[in-house]
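Below: one structure, written as structure tokens.
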Amino acid sequence: MNVKYDFKSLEPKWQKYWEEKGIYRVTERSDKREYYCLEMFPYPSGNLHMGHVRNYSIGDVVARFKTMEGYNVLHPMGWDSFGLPAENAAIQRGVHPSVWTKDNIANMKRQLKSMGISYDWEREATTCLPDYYKWTQWLFLQLYKNGLAYKKKAAVNWCPSCATVLANEQVVEGACERCGTTVDKKDLEQWFFKITDYAQRLLDDLEKLPGWPEKVKTMQKNWIGRSEGVEVQFKAAATGDPLPVFTTRHDTIFGVTYMVLAPEHPMVEKLTAGTPYEAEVKAFIRKVQQLSNVDRTSNELEKEGMFIGAYAVNPMTGEEVPIWITNYVIMDYGTGAVMGVPAHDSRDFDFAKKYGLPIKPVISPPGEKLSGETMSEAYVESGIMINSPGFDGMANEEAMTAIADYMEEKGLGKRVINYRLRDWLISRQRYWGAPIPIVYCDKCGIVPVPDDQLPVILPLDVEFKPNGESPLKTSPTFRETACPKCGERAERELDTMDTFVCSSWYFLRYCDPKNSEQAFAKEKADYWMNVDQYIGGVEHAILHLMYARFFVKVLHDLGLVSAEEPFENLLTQGMVLKDGSKMSKSKGNVVSPEDIINQYGADTARMFILFAAPPERDLEWNDAAVEGCYRFLNRVWRLVVSNLEIIKKGQETVDTGLFTKEEKDVRRAVHQGVKKVTEDISQRFNFNTAISAIMEMVNAMYDYREKTAGKVNPSVFREAAEKLLLLLAPFAPHITEELWHLMGKEGSIHQAAWPTYEAEALKQDLINIVVQVNGKVRDHLDVAPDLDGEGMKELVLASAKLPQWTGGKNIVKIITVPKKLVNIVIK
RNA sequence: GCGGGAGUGGCGGAAUUGGCAGACGCACCAGACUUAGGAUCUGGCGGGUAACCGUGGGGGUUCAAGUCCCUUCUCCCGCACCA
């Protein structure tokens, strides 16, 4: 028999078979343990790229492996299908976003299917379809009704190119995360989700996620940015107006020599109105505000400021200090006011030096004396309190508590916790998103759309013009509506939701995707959640992963789901590189998955991408190595196909009685392989070493065939071939299915049980140990596997080779490690 | 500046608990089969003639170090006036 490995015909054949038999469809069932394997759903840009191939190949191995292990595995896929690119396509090519998106989904779905991934397509979720966004809107209303969604006017990040606002998280180094355009500030009425209410829980519960990479948890911790301090009640000297400052270094309160306000601070205007400083202060504020956000937050920026002619009273000392405004204090953190302690803060030090403000040390390094005149940098370490009446001589850490206690007692300040995390701005002035289900009525004000009027359908009769205006404003049918409360003429909210809202709950919809009565049934969500394994790019470490955590906590609090965290284990995959850098059109180094699948087949593509590097690490694309994986699959093919008759002759069970040495060797390799592959997949997700173990198995089988001149033991060979195909099945699902059936097996290999190994088959008659002299390898010995240390020592001392090893020198001692080595220490 | 990760053959990578460094694959070299080979098979493949030397550099602990400790360099990623 000499059939060629024809992936071109057999891959589609089995894909069709799987689909027809529905072998990847799952339902809740009590007789099996559940496992939820999830890969981040893609934005339907039109074509799969290698990053997707990697993501979904990893997920498919996990899903198939867990299925074979006997779990009831949920493995769904869907589309994060709202977003700006669809609108840009509409402007550039005159295609409606809905058409463009639908076509892209169709194409990418076809590509995904050609990869042979084990998705339950019956559970497909598409965020831009009304049956999905109806529930996104419903969830918005749940937040609204519980005080977690609110509207406020705020200085928000505005991307002039995308013509929309952005969440803080979407601004990277002062530029739009998507298009790189410098972001402006704009005062707008916008919708926010109160994620800050959950700041502490989002922080605390990171502890409950041991299955997440430290790196991601650290990034979230930093983003939440908890800091403990004291809000100290300074007052304006002239008017008595309160000027609270937030500080984490209240131990330095006696070292305050000035106060700084953010230029936007509301007190600035009040304190300067009608004074000789007014005009100059206004000019300064204008200058600062003209700076783009990038410049304003840049480290390079020279600290600049000016005295505003007013003074503040330090509540601890009664002392009056000058009030300045500066470009290095920002309004939206703390109170927008900072106490200046140049002796112990490097920023304040620079500022004081530049403007000749006094420097007063209040913490002294042990055994040293600081003087404001001679200091060349701020002293930020710990030390002993000085110049701080009532607290002198204390360690500054001790004074932290003492001063905070004192201030609380005297009503001069109170302990507060500040977070860097801001509320999540979810309004987008764009068309292609889920409409915010709110109506504005002149009489009734802000009115939520009642549940029975959901979904608020995104209208199709809109115009796309390259002027940045939201096309939704042009819909003749959308804007005007009747107030749900009073029935009078009212207007709909024209903003749509940030797409991150849609992706914050899609994993719940997968649990119950066709439900038309609810977003999802609680029992179903509770059956599947949490996601046991979540896989995706590290670029979502903050945005998506934090929003999804927030959503699940809110839904938990509303009693809609039991889970408190969405993702039990998180795997962040590395990037796919070509010639050392990320694949991109502009660099012209893109390798198309479709081309690779056409040339080598999906199995080869999957094998390569899993073999070339461990999943978390970046992966360098290498055409020659792809060829190598293709050769390997051909080798597997020939090994099975050319021995089909023998394999079929073999018995279901092997007679473990009397094996030849060759039979023992090949069985050991096979069972060893089962052990290694099982461990590599389940304990470490090291698919690269799992595949190399399978390669070693194949090499051992070829070796066996050669050593026996083709006269192999049919039962042994059959056992080996079966285990080989079962181990390979999660990686290369098509070729293994074909060979499985050629071997005469009934049913899909993907519904077969994961292979087991026999401890007995792993045993060796003799094992090879190393003889070292002073740690250097000198010889090898074959010994019985159960030889203990004492026995090894005797063996070495009795050996005729001993003088050769030691060169006649004195033996100081002999170290033995059973099954491993003997080390003779000589002098 | 702060936080995290990584440096191993020509290349991707292995070494899981301190125990033979370089598994597996790619590339390369030689041979076999062949009209032919970009197919397949066999063998070789860190450096050095060798003793030996080799996991970014230097030091240390240990019978034994890629692995532990100290120190230093380089690269990548994230955060960055957060008071």
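Lettering of chains follows the sequences in order, A, B, ..., and the numbering in each one begins at 1. Computed from heavy atoms alone, side chains included, the values below leave out hydrogens, waters and symmetry copies.
In this structure, L821(A) atom CG and A65(B) atom P are separated by 12 Å, rounded to whole Å. Following rounding to the nearest Å, M697(A) (CE) and G25(B) (P) show an atom-to-atom distance of 14 Å. Residue F349(A) contributes atom CZ, which lies 20 Å from atom P of A83(B) at whole-angstrom precision. Residue N622(A) contributes atom CG, which lies 13 Å from atom P of C11(B) at whole-angstrom precision. A straight line from CG of D782(A) to P of C20(B) spans 17 Å, rounded to a whole angstrom. Taking atom CD1 on I323(A) and atom P on A83(B), their separation rounds to 21 Å, with Å as the unit. The interatomic distance linking M607(A) (CE) with C26(B) (C1') rounds to 14 Å, in whole Å. If you measure from atom CZ of R638(A) to atom C1' of C41(B), you get 9 Å, rounded to the nearest angstrom.
Side-chain to base pairing of N222(A) with C79(B): no donor and acceptor N or O lie closer than 3.5 Å to each other. Side-chain atoms of K303(A) come within donor-acceptor range of the base of C81(B), with a qualifying N/O pair under 3.5 Å.
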Requested in this report: Could you check E304(A) against K287(A) for salt bridge (Lys or Arg N to Asp or Glu O under 4.0 Å), going step by step and ending with a plain yes or no?
Outcome: CA-CA 11 Å; E304(A) 276 185 63; K287(A) 191 179 146 201; 2.9 Å; yes

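For the C1' atoms, the distance linking C28(B) with G12(B) amounts to 15 Å, nearest Å. Only the P atoms considered, G56(B) is 25 Å distant from U49(B), to the nearest whole Å. Comparing A14(B) with U8(B), their P atoms are spaced 12 Å from each other, to the whole Å. Of the C1' atoms belonging to G37(B) and A32(B), the separation is 13 Å, rounded to the nearest Å.
For A64(B), the OP1/OP2 oxygens have no side-chain nitrogen or oxygen of R778(A) closer than 4.0 Å. At A27(B), one or more side-chain N or O atoms of R631(A) fall inside 4.0 Å of OP1 or OP2 (strictly under the cut-off). In this model, the phosphate group of C79(B) is not approached by any side-chain N or O of R420(A) to a distance below 4.0 Å at OP1 or OP2. Distances shown here put every side-chain N or O of N686(A) at or beyond 4.0 Å from the OP1 or OP2 atom of U16(B). Regarding contacts with the backbone of A23(B), every side-chain N or O of T689(A) stays at 4.0 angstrom or more from both OP1 and OP2. Distances shown here put every side-chain N or O of K215(A) at or beyond 4.0 Å from the OP1 or OP2 atom of G5(B).
Using a cutoff of 4.0 Å between basic side-chain nitrogens and carboxylate oxygens, K8(A) and D6(A) are not scored as salt-bridged. Residues K801(A) and D779(A) are paired through a salt bridge, judged by an N-O separation under 4.0 Å between the basic side chain and the carboxylate. The pair K675(A)-E679(A) meets the salt-bridge criterion, since a charged nitrogen lies less than 4.0 angstrom from a carboxylate oxygen. A salt bridge does not link D350(A) to K354(A): none of the charged side-chain nitrogens sits closer than 4.0 Å to a carboxylate oxygen. Salt-bridge check for R415(A) with E231(A): failed, with every basic side-chain N at 4.0 Å or more from each acidic carboxylate O.
Residue order along RNA chain B, read from the 5' end via each residue's closest nucleotide, puts V770(A) first among M695(A) and V770(A). If you find the closest nucleotide of RNA chain B to D348(A) and to I824(A), the one lying nearer the 5' end belongs to I824(A).
When heavy atoms are screened at a 4.0 angstrom cut-off, P614(A) is found touching the sugar-phosphate backbone but no base atom. Counting non-hydrogen atoms under 4.0 angstrom, F632(A) reaches nothing in the nucleic acid. Here E620(A) lies out of heavy-atom contact (under 4.0 Å) with every strand. Using a 4.0 Å heavy-atom distance criterion, N699(A) is classed as a sugar-phosphate-only contact. At a threshold of 4.0 angstrom between heavy atoms, the contacts of G225(A) with the nucleic acid are absent. Looking at heavy-atom distances under 4.0 Å, K776(A) makes contact with sugar-phosphate atoms alone, never a base. No contact: E627(A) has no heavy atom under 4.0 Å from any strand. Heavy atoms of D618(A) sit under 4.0 angstrom from primed sugar atoms or phosphate atoms, though from no base atom.
L243(A) pairs with exactly one of H265(A), K235(A), M339(A) by the side chain to side chain contact (heavy atoms under 4.5 Å, CB included) rule, that one being H265(A).
Classification of G9(B) as syn follows from a glycosidic angle within 90° of 0.
Base pairing annotation: G3(B) forms a Watson-Crick or G-U wobble pair with C77(B), both donor-acceptor distances under 3.5 Å. Figure legend. C63(B) is base-paired to G19(B); pairs are counted as Watson-Crick or G-U wobble with both atom distances under 3.5 Å. Taking a pair to require two hydrogen-bonding distances under 3.5 Å in either a Watson-Crick or a G-U wobble arrangement, A83(B) remains unpaired. For A27(B), there is no paired nucleotide, since no Watson-Crick or G-U wobble pair has both relevant distances below 3.5 Å.
Here the side chain of N823(A) is nearest to one of G78(B), C63(B), G12(B), namely C63(B). Among the nucleotides U16(B), A83(B), A23(B), the one closest to the side chain of S692(A) is A23(B).
Under 3.5 Å, the side chains of N418(A) and S227(A) contain no donor-acceptor pair of N or O atoms.
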